[in-house]
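Comments concern the structure below.
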Amino acid sequence: MKKTLSNLGKELSKQDQQSINGGIFSFGCSNVCKTAKRGTRCFQDGYLAACDGRGGFVYY
């Protein structure tokens, strides 16, 4: 079964894995925070930020 699963696609990077496992979003906050709930973490211009729940974001 491992051989069958191993040819399904490319290996995920550590950043992709964090995103899937509930890590922080690696997408720009301006796109994510339009629909995300308050406290959702993201990166904007290389800095960690969080959505404010009103479509904007605040830097940490």
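Only heavy atoms go into these numbers, but all of them, side chains included; no hydrogens, no water, no symmetry mates. Keep in mind the model is a prediction, meaning the values are calculated, not measured. Along the sequence shown, residues are numbered consecutively beginning with 1.
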Could you tell me the separation between the CG atom of N31 and the CZ atom of F57, rounded to the nearest 0.5 Å? 10.5 Å

So C29 and C51, do their side chains get closer than 4.5 Å, heavy atoms only? no

Single-linkage hydrophobic cluster, 4.5 Å side-chain cutoff, Y47 and V58 together: no

Determine the minimum heavy-atom distance between C42 and C33, stating which atoms define it. SG-SG, 4.1 Å

Test of understanding: clusters of I, L, V, M, F, W, Y form through side-chain heavy atoms closer than 4.5 Å, transitively. Do Y60 and F43 belong to the same one? yes

Residue that, paired with T40, satisfies side-chain contact (heavy atoms from CB on, under 4.5 Å) out of V32, T35, D52: V32

